[in-house]
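Notes follow the structure.
Labels below follow one simple rule: chain letters A, B, ... track the order of the sequence lines, proteins then strands, and each chain is numbered from 1. Below, all heavy atoms of this structure are taken into account, side chains as well, without hydrogens, waters or symmetry copies.
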Amino acid sequence: MIRITLPDGSVREYEKGITGYSIAESISPRLAKEVLSITVNGEVWDITRPIDNDAKIVLHKFEDEEGQHAFWHTSAHILAEAIEAIFPGTKFGIGPTIENGFYYDIEMPEGQSLSEKDFAVINKKMLELCQQNNEVVRKDISKEEALAYFTTKGDEYKLELISELEDGTITLYSQGNFTDLCKGPHLPSTGHIKAIQILSLAGAYWRGDETRKQLTRVYGISFPKQKMLQEYLEMIEEAKKRDHRKIGKELELFHFSPKVGMGMALWLPRGTELRDRLEAWLTAELKKRNHEMVKTPHIGHVDLYKTSGHYEKYGKDSFQPIQTPAEGEAFMLKPMNCPHHVEIFKAKQYSYRDLPYRMAEFGTVYRYEQHGELHGLTRVRSFTQDDAHVFCRPDQVKDEFKSIIELIMFVYKSLGFKDYKAQISLRDPDDKTKYIGTDENWEKAEQAIQEAAHEMGLKPTIELGEAAFYGPKLDFIVKDALGRNWQLGTIQVDYNLPERFELEYKGADNLSHQPIMLHRAIFGSMERFVAVLIEHTAGKFPLWLTPDQVVLLPISEKFNDYAKKVLELLKNYDIRGKIDDRNEKIGRKIRDNELQRIPYLLVLGEKEEESGNVSVRKQGEGDIGNMSIEEFANFINDQIQKDFEK
RNA sequence: GCCAUUGUAGCUCAGAGGUAGAGCACUUCCUUGGUAAGGAAGAGGUCAUGGGUUCAAUUCCCAUCAAUGGCUCCA
């Protein structure tokens, strides 16, 4: 008998050699039906693999990442099996799972290629293979046997992968007529997969190396229920509708012109309204939290970046320096704001009592992003960071961290991003040599970050070895309305710049000390944040932020004067809007303004003018009745209040 | 930067080796209309740019530029 410890701490005894499936069966038939993989002492296994020793286990369903992983991994094998059945001679690279689904890198037989026209037949074959409910069999073999198998098969990619594996046992997984090199885990049989579909094709280099052969990457997705696939496909459709590039054009927020240059957004008036309002709001919040606003130039002397170390690291991949005609000096478009802020800090002497010094700027920076990387507003060459640097003493790091976390959480909550994760990146404990700064300071900072995060109620994941060379960091990843993740905010500890720029303050001991610098951004960049906000809200911005809160629609020209009067009155209540006085019928005016996602439309005709009222329409809902102007104004301001409270 | 696909009016897109089309938007006129598209007329294009093939290229070929989807990168 062996002792199995369940996640709730309870212990059950089973025969030696019990499988995950049988354990699930002994708990409940329902669980047995849904269980996909099992974690045994921290390692994820197939549920058909016998357990021979005492173990702590966790059973995984499709709802868990580990369950999904097995599910999609097997799906990738099905994809390969289907492709091999339809295109014999296809060679296979790797077929891993990804955040949403899986892919397989393949090389089509000589002279053949895969196109979208082939999707239908492959999809059909995949479904057929699933319905056959073939058993997935795990087999341990020696390296020689594995090499022999794939040599016979003529799959040089698999051979390459195997040759790099350590000697010893290699695992193969087979289902139906397909056998693949794989460490698993997998589903017990293909019948769990009720819906499976190819999503797209792309080229990808073998092992991500551009000097090597380009393979065809086939992306797919699968689910245990047909309905889930339906929902997933609908989500993709919805995401397309919310694409910020599309909405940005429709709502006239921003524009790109190849004549200005790729990756450089032109902010149109309405987009500028939106962005200005965001900046003004955040500025007010920063001032409440004792930040000093600064402004710095868009270029900086090359020496500045030589001192900071960025020139050496990124110089050749940046926009190249601008030369002055007379003095022969070189200036760079600033790729970040920190060195400028450091120079502001250095402009005077500090006592320990002066710290922390919190300096903030909406600073526009320029980075030479690779051509193929540019994407709408989310990846551009010119962008404005909502940047701040806090210069503080070592004993202040934790409190400063906490107050930045508080601000970030406040900002996300205010803007309707209720779901976000935090991720802490620490040093690689096995290789401390690639980091600068003293061990003592690193330990203090890493501890301070973790304590600060926990004290603020965050449950951060920890990534070892992901820290920047100059310090540990905390990143915020927000989830939007469609469940997609966006990395926005970041807080980083930096020992590098204070050292390189020889920053100092006078301590109580009358000695010079080096301050610690915290870098942080909340939105990340205005460009990227506006893009995320557009996709999160589908262009229906919060009332306080939206460029026009209300548009007045006179029934005919006769009521234009009344509309002007109403608009003036609304302005007294800080409500902004405009009049649609086009020579169009009311139905047309409603339609056009609805499409512009104007939150409230006021229909103004004879009835309204006589009673001094407005007839109110809410975006997406329609007519919500008559109100006096004062009632409407209060209503709007209440709504704004509620936006912030929720 | 690499690979693939795409580039036709302000926008969305059709089209063909013989010199260009639709809808919306725009301008003017008619209409003054009560809760998601009123009517008519008009204007608007070096068919991304530069080469080549051809009697003839916007269409075929090559290069460049840009966009899109991936890959690699991201202070």
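For Tyr470(A), whose side chain is taken as the heavy atoms from C-beta onward, the closest listed nucleotide among A75(B), G33(B), U12(B) is A75(B). Closest to the side chain of Arg379(A), out of U35(B), C74(B), A37(B), is C74(B). Listed nucleotides: G34(B), G1(B), A37(B). Nearest to the side chain of Glu608(A): G34(B). The side chain of Asp623(A) approaches U35(B) more closely than any other nucleotide in the set G1(B), U35(B), A75(B). Of all nucleotides listed (G34(B), G1(B), G69(B)), G69(B) comes nearest to the side chain of Arg245(A). Nearest to the side-chain atoms of Ser556(A) among the listed nucleotides A66(B), A75(B), U32(B) stands U32(B).
With rounding to whole Å, Glu594(A) atom CD is found 9 Å from U35(B) atom C1'. Regarding Tyr103(A), its OH atom lies at a distance of 15 Å from the C1' atom of G69(B), rounded to whole Å. Straight-line distance from the CD1 atom of Ile590(A) to the P atom of G33(B): 15 Å, rounded to whole Å. Summarising the geometry, the separation between CZ on Phe469(A) and P on C74(B) is reported as 13 Å, rounded to the nearest angstrom. The NE2 atom of His371(A) sits 14 Å away from the C1' atom of A4(B) (whole-angstrom rounding). As rounded to whole Å, 17 Å separates atom C1' of U35(B) from atom NZ of Lys618(A). Spacing between atom CE of Met108(A) and atom P of A4(B) amounts to 16 Å, rounded to whole angstrom units. Between the C1' atom of C11(B) and the CG atom of Leu595(A) lies a distance of 14 Å, rounded to the nearest Å.
Counting only N and O atoms by type, the side chains of Glu107(A) and Tyr157(A) include a donor and acceptor under 3.5 Å apart.
Contact annotation: Tyr600(A) side-chain N/O to U35(B) OP1/OP2 distance is not under 4.0 Å. A close approach under 4.0 Å does not occur between any side-chain nitrogen or oxygen of Arg617(A) and OP1 or OP2 of G34(B). Taking side-chain N and O atoms only, Lys259(A) has no distance below 4.0 Å to OP1 or OP2 of A66(B). Of the side-chain N and O atoms in Arg582(A), none sit less than 4.0 angstrom from OP1 or OP2 of A37(B). Contact annotation: His375(A) side-chain N/O to G69(B) OP1/OP2 distance is under 4.0 Å.
Checked by distance alone, Arg217(A) brings no side-chain donor or acceptor within 3.5 Å of a matching partner on the base of C71(B). The base of G38(B) is not paired with the side chain of Asn583(A) by any donor and acceptor separated by under 3.5 Å.
Residue contacts shown for Ile555(A) include a base, since a base heavy atom lies under 4.0 Å away. Within 4.0 Å (heavy atoms only), Lys589(A) reaches no atom of the nucleic acid at all. Glu369(A) comes within contact range of no nucleotide atom at all, as no heavy-atom separation falls under 4.0 Å. Residue-level contact check: Gly622(A) touches neither bases nor backbone, having no heavy atom under 4.0 Å from any strand. Nucleic acid contact for Ser200(A): none, since no nucleic acid atom lies under 4.0 Å from a heavy atom of the residue. As judged by a 4.0 angstrom heavy-atom cut-off over every strand, Gln385(A) is placed among residues making no nucleic acid contact. At the heavy-atom level, Glu584(A) lies under 4.0 Å from base atoms of the strands shown. Residue contacts for Ser308(A): at a heavy-atom cut-off of 4.0 Å it reaches no nucleic acid atom on any strand shown. Using a 4.0 Å heavy-atom cutoff across all strands shown, Phe256(A) reaches no nucleic acid atom at all.
Cation-pi geometry between Arg381(A) and Tyr368(A) is satisfied (NZ or CZ under 6.0 Å from the ring centre, within 45° of the ring normal).
A salt bridge links Lys241(A) with Glu238(A); the closest basic N to acidic carboxylate O contact falls under 4.0 Å. With respect to the salt-bridge test (charged N to carboxylate O, under 4.0 angstrom), the residues Glu361(A) and Lys334(A) qualify.
Atoms CG and CG, from Leu377(A) and Leu253(A) in turn, are 8.5 Å apart once rounded to the nearest 0.5 Å.
Across Phe331(A), Tyr366(A), Phe319(A), a single residue satisfies ring-ring contact (aromatic ring centres under 6.0 Å, His included) together with His298(A), and that is Tyr366(A). For the salt bridge (charged side-chain N to carboxylate O under 4.0 Å, His left out) with Glu535(A), the qualifying choice from Arg484(A), Arg528(A), Arg242(A) is Arg484(A), the only one to do so.
Both Met336(A) and Arg207(A) lie near RNA chain B, and the one whose nearest nucleotide falls closer to the 5' end is Arg207(A). Closest-nucleotide positions on RNA chain B for Asp243(A) and Arg367(A) were compared, and the one nearer the 5' end corresponds to Asp243(A).
Nucleotide A22(B) forms a Watson-Crick or G-U wobble pair with U12(B), both donor-acceptor distances falling under 3.5 Å. Of all nucleotides present, none satisfies the Watson-Crick or G-U wobble test against G33(B) with each distance under 3.5 Å. When both distances must be under 3.5 Å, the Watson-Crick or G-U wobble mate of C60(B) is G52(B). The pairing partner recorded for C73(B) is none, the criterion being a Watson-Crick or G-U wobble arrangement whose two distances lie under 3.5 angstrom.
Proximity of Ile122(A) to Leu79(A): side-chain heavy atoms (C-beta onward) are separated by under 4.5 Å at one or more points.
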